[in-house]
Amino acid sequence: MPTYFETGHAKNVANLQDLIAFCTGYGTTYNPTKTALKLPQLNTLYTTADNALKDVVAKNRAYNDAVNARINAFNGLRPFCTRLVNALQTTDATKEKIADAKAFNKKTQGQRASKIEEPVDENTPAPKTVSASHQSYDQLIQHFAGLISVLQSEPSYAPNENDLKIATLIAKKDLMILKNKDLSTAFTNISNSRIARDKVLYKETTGLVDIAINVKTYVKSIFGARSAEYKQVSVIEFKKPKKK
């Protein structure tokens, strides 16, 4: 979707408010027979559209918060996994078990999720589709869980460092799972919110843009194409996003 429509949605809603103001100023002369063009319905449409925009903003903020929370949960995972392998090598673990741990660590080092995703602020628009990095995060969790299972199977693995203890590792893994799931939920919410907004603004016939255009046509019909009243509303733009 063009960059214009990050602000274009709000422009359409703001322009509807301007259109309503002009129509209200025409007094009883503005008296359409079509219910959707009447002032009470137009005001309701404006409120609905404005609320839809606000919901997208809120859901977008929640999505970006979830992105940052996931980044924090996975932060430093690669060097941490290497520390775990090093810790295992100082135990009585067999070469085979150490090799298994190294294999999971190698897989972890090979994932590029942290390079794909960067911290964002609340004004950054959420993506329209699921990021390719999401699967990488799923895999990172699997690799980390595999490494934990190897450590759990070694009786001599009993580090004194709290961050290397099994209980701490399990808690870290659970947090990673939670934040990954939270981001999936946040993405679903912003996606659904956009769909709801687009229905209010752009649905054929009943959407804000089509109704606003009909209002302008009605004003043209009652005052005339060359009237000052029609000139007032004719310059108010309402646009739909281009279809891909």
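The model shown is predicted, which means the values in this text are computed figures rather than measured ones. Numbers here are sequence positions counted from 1. Hydrogens, waters and symmetry mates are skipped; everything else that's a heavy atom, side chains included, is used.
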By side chain to side chain donor-acceptor pair (under 3.5 Å), D174 pairs with (sequence neighbours left out) none
Quiz item: Just by modelled atom types, is the A66 backbone N or O under 3.5 Å from a matching donor or acceptor in the D182 side chain?
Solution: no
The reported gap from CD in E229 to SG in C23 (rounded to nearest 0.5 angstrom) is 11.0 Å
Checklist line | side chain to side chain contact (heavy atoms under 4.5 Å, CB included) evaluation trace for V233 with V215 | finding: CA-CA 9 Å; V233 301; V215 169; over 6 Å; no
Checklist entry - Aromatic rings F74 and Y137: how do their planes relate, parallel, tilted or perpendicular, breaks at 30° and 60°? => result perpendicular
Q.
Less than 4.0 angstrom from a charged side-chain N to a carboxylate O is my criterion; do K54 and D50 meet it?
A. yes
When rounded to the nearest 0.5 Å, the distance separating OG1 of T82 from NZ of K102 is 11.0 Å
* Please assess D163 against K172 for the test salt bridge (Lys or Arg N to Asp or Glu O under 4.0 Å), listing each intermediate value before the final yes or no. => CA-CA 9 Å; D163 63 335; K172 181 176 178 62; over 6 Å; no
Notebook entry, point to check: Are the side chain of N12 and the backbone N or O of L208 linked by a donor-acceptor pair below 3.5 Å?
Noted result: no
Smallest heavy-atom separation, A36 atom then I211 atom, equals O-CG2, 3.8 Å
Paired with L77, the side chain to side chain contact (heavy atoms under 4.5 Å, CB included) test is passed by just one of M176, H143, Q109, namely M176
*Would you say H9 and Y202 make side-chain contact, with heavy atoms under 4.5 Å?*
yes
NZ of K59 to CG of N189, rounded to nearest 0.5 Å, is 6.0 Å
>> With heavy-atom distances below 4.5 Å as the criterion, would you say the side chains of R226 and K220 are in contact?
In response: no
Exercise. Take V200 and L45, measure what side chain to side chain contact (heavy atoms under 4.5 Å, CB included) needs, and give me the verdict at the end.
Key: CA-CA 8 Å; V200 173; L45 176 60; 4.3 Å; yes
Tell me, do L84 and N105 make a side-chain contact under 4.5 Å, heavy atoms counted?
no
Practice item. Kindly work out whether a path of hydrophobic side-chain contacts (I/L/V/M/F/W/Y, heavy atoms less than 4.5 Å apart) joins L175 to I170. Key: no
Q. Do F104 and I166 share a hydrophobic cluster (ILVMFWY, side-chain heavy atoms under 4.5 Å, transitive)?
A. yes
task: For the pair Y30 and F22, evaluate side chain to side chain contact (heavy atoms under 4.5 Å, CB included) and give the outcome as yes or no after the intermediate values.
output: CA-CA 10 Å; Y30 184 83; F22 281 125; over 6 Å; no
Smallest heavy-atom separation, E154 atom then T94 atom, equals OE1-N, 4.4 Å
Rounded to the nearest 0.5 Å, the CG atom of D138 sits from the NZ atom of K181 at a distance of 12.5 Å
query = Looking only at atom types and distance, does a side-chain atom of T24 sit under 3.5 Å from a main-chain N or O of I20, one as donor and one as acceptor?
reply = yes
Donor-acceptor contact below 3.5 Å, side chain S227 vs main chain G224 | yes
Begin with the C-alpha distance, continue with both residues' side-chain angles, and end with the deciding distance and a verdict on side chain to side chain contact (heavy atoms under 4.5 Å, CB included) for K240 and L201. CA-CA 8 Å; K240 290 185 178 182; L201 269 63; over 6 Å; no
Between Y26 and F223, ring centroids under 6.0 Å: yes
Only pairs under 3.5 Å count here: list side-chain donor-acceptor contacts from residues 144-153, not counting sequence neighbours, and write none if there are none.
| unit_1 | atom_1 | unit_2 | atom_2 | d |
| --- | --- | --- | --- | --- |
| S149 | OG | G146 | O | 2.5 |
| S153 | OG | K97 | NZ | 3.4 |
| S153 | OG | V150 | O | 2.6 |

Looking only at atom types and distance, does a side-chain atom of S191 sit under 3.5 Å from a main-chain N or O of T188, one as donor and one as acceptor? no
- Query: Taking C-beta and beyond as the side chain, do F238 and L19 meet within less than 4.5 Å on heavy atoms?
  - Reply: yes
When every non-hydrogen atom of A101 is compared with those of V85, the smallest separation belongs to O-CG2, 3.8 Å
Taking atom CD of E161 as the centre, report whether more than 12 heavy atoms of other residues, nucleotides or ligands fall under 6.0 Å from it. yes
Would T168 and N162 count as having a side-chain donor-acceptor pair, cut-off 3.5 Å? no
In short, K38 meets T33 closest at the heavy-atom pair CE-O, 4.0 Å
Check this for me, if you would: do D65 and R61 make a salt bridge, where the nitrogen-to-carboxylate-oxygen distance has to be below 4.0 angstrom? no
So, the side chain of N60 versus the backbone of V56: is there a donor-acceptor pair under 3.5 Å, distance only? no
Checklist entry - Does K165 reach the side chain of Y157, with side-chain heavy atoms less than 4.5 Å apart? => result no
Do Y230 and I213 belong to the same hydrophobic cluster, where Ile, Leu, Val, Met, Phe, Trp and Tyr are linked whenever their side-chain heavy atoms lie under 4.5 Å apart, directly or via other members? yes
Original post:
Got a salt bridge between K203 and D210, using NZ or NE/NH1/NH2 to carboxylate O under 4.0 Å?
Top reply: no
When rounded to the nearest 0.5 Å, the distance separating CD1 of I236 from NZ of K11 is 10.0 Å
Give the cluster check for I98 versus F80: same hydrophobic cluster or not, with ILVMFWY residues linked at side-chain heavy-atom distances below 4.5 Å. yes
**Message:** With a 3.5 Å distance limit and no angle check, can you tell me whether N51 reaches the backbone of T47 through a side-chain donor-acceptor pair?
**Reply:** yes
Indicate yes or no for a side-chain donor-acceptor contact from T91 to the backbone of A87 under 3.5 Å, with no hydrogens or angles considered. no
One should read off an interatomic distance between R70 CZ and S184 OG, to the nearest 0.5 angstrom, of 7.0 Å
P159 and L164 have their tightest heavy-atom pair at CG-O, 3.4 Å
Heavy-atom nearest pair, A73 first then K179, reads CB-CG, 3.8 Å
